[in-house]
Amino acid sequence: MPSHAPSSMDPIVRSRVLPRVSFRAVMLVTFVAAIIAAVARSAGDGATFAKAVIVALLLLALFFFLSSVAFLLSWVTARMMIGRFDNTREGNPFAKDQLPPQLLKPREPEL
């Protein structure tokens, strides 16, 4: 006899579709966005330092965007070619069923 009877209802499982975000993280993102908005407002009013900060932030965002595009291009290319040129199971063509010569001989254990 089983220790517990099977339930007629499915167990409630948390959905993993939406990420779990804490209140502290939301406040931190809001704070950073407010600082960027204040600097952008100053840049719009003509502050030279604010313009430089905005340009630096835009260049940083452009760098990360272009880096992600380059990664995605290389990843897609690798995923498309991995089945055609997969020769990892053929073995090493330089190892002819022997170990490479040792340049430094192993030391005897010190007593």
Side-chain angles (χ1 to χ4, degrees):
M1 181 170 204
S3 62
H4 62 281
S7 175
S8 62
M9 296 176 51
D10 290 334
I12 297 174
V13 179
R14 287 186 182 176
S15 174
R16 300 286 182 192
V17 176
L18 295 176
R20 299 171 86 184
V21 180
S22 68
F23 183 71
R24 183 180 297 165
V26 171
M27 287 286 105
L28 184 65
V29 169
T30 304
F31 175 72
V32 170
I35 295 297
I36 292 173
V39 171
R41 172 85 182 220
S42 297
D45 291 342
T48 306
F49 179 74
K51 289 179 185 178
V53 169
I54 293 297
V55 168
L57 289 175
L58 289 176
L59 287 176
L60 188 65
L62 180 66
F63 167 75
F64 281 112
F65 174 74
L66 292 177
S67 297
S68 63
V69 168
F71 170 77
L72 287 175
L73 284 175
S74 63
W75 182 71
V76 167
T77 304
R79 294 293 291 174
M80 288 178 9
M81 298 297 169
I82 194 117
R84 296 183 188 154
F85 303 108
D86 188 17
N87 57 0
T88 56
R89 294 191 177 105
E90 293 176 8
N92 188 350
F94 301 107
K96 298 189 175 158
D97 298 330
Q98 62 184 359
L99 293 173
Q102 291 184 341
L103 299 176
L104 299 173
K105 299 291 182 189
R107 293 182 181 179
E108 295 295 325
E110 295 179 10
L111 299 174

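Reckoned from all heavy atoms, side chains included, excluding hydrogens, waters and symmetry mates. Just so you know, these numbers come straight off a predicted model, no measurement behind them.
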(request) Show your reasoning for whether side-chain contact (heavy atoms from CB on, under 4.5 Å) applies to Leu62 and Leu58. (result) CA-CA 6 Å; Leu62 180 66; Leu58 289 176; over 6 Å; no

(request) Report the residues that fulfil side chain to side chain contact (heavy atoms under 4.5 Å, CB included) with Val69, sequence neighbours left out, ordered by chain and then residue number. (result) Phe65, Leu73

(request) Would you please name every residue forming a side chain to side chain contact (heavy atoms under 4.5 Å, CB included) with Ser67, sequence neighbours left out? (result) Phe63

Please list, one pair per line, the donor and acceptor atoms closer than 3.5 Å that link side chains of residues 28-41 to other protein atoms, with sequence neighbours excluded.
{"unit_1": "Thr30", "atom_1": "OG1", "unit_2": "Val26", "atom_2": "O", "d": "2.7"}

(request) Could you tell me which residues satisfy side chain to side chain contact (heavy atoms under 4.5 Å, CB included) with Ala47, sequence neighbours excluded, listed by chain and number? (result) Ser42, Ala50

(request) Hey, could you give me the CG/OG1 distance between Leu72 and Thr77, rounded to the nearest 0.5 Å? (result) 10.5 Å

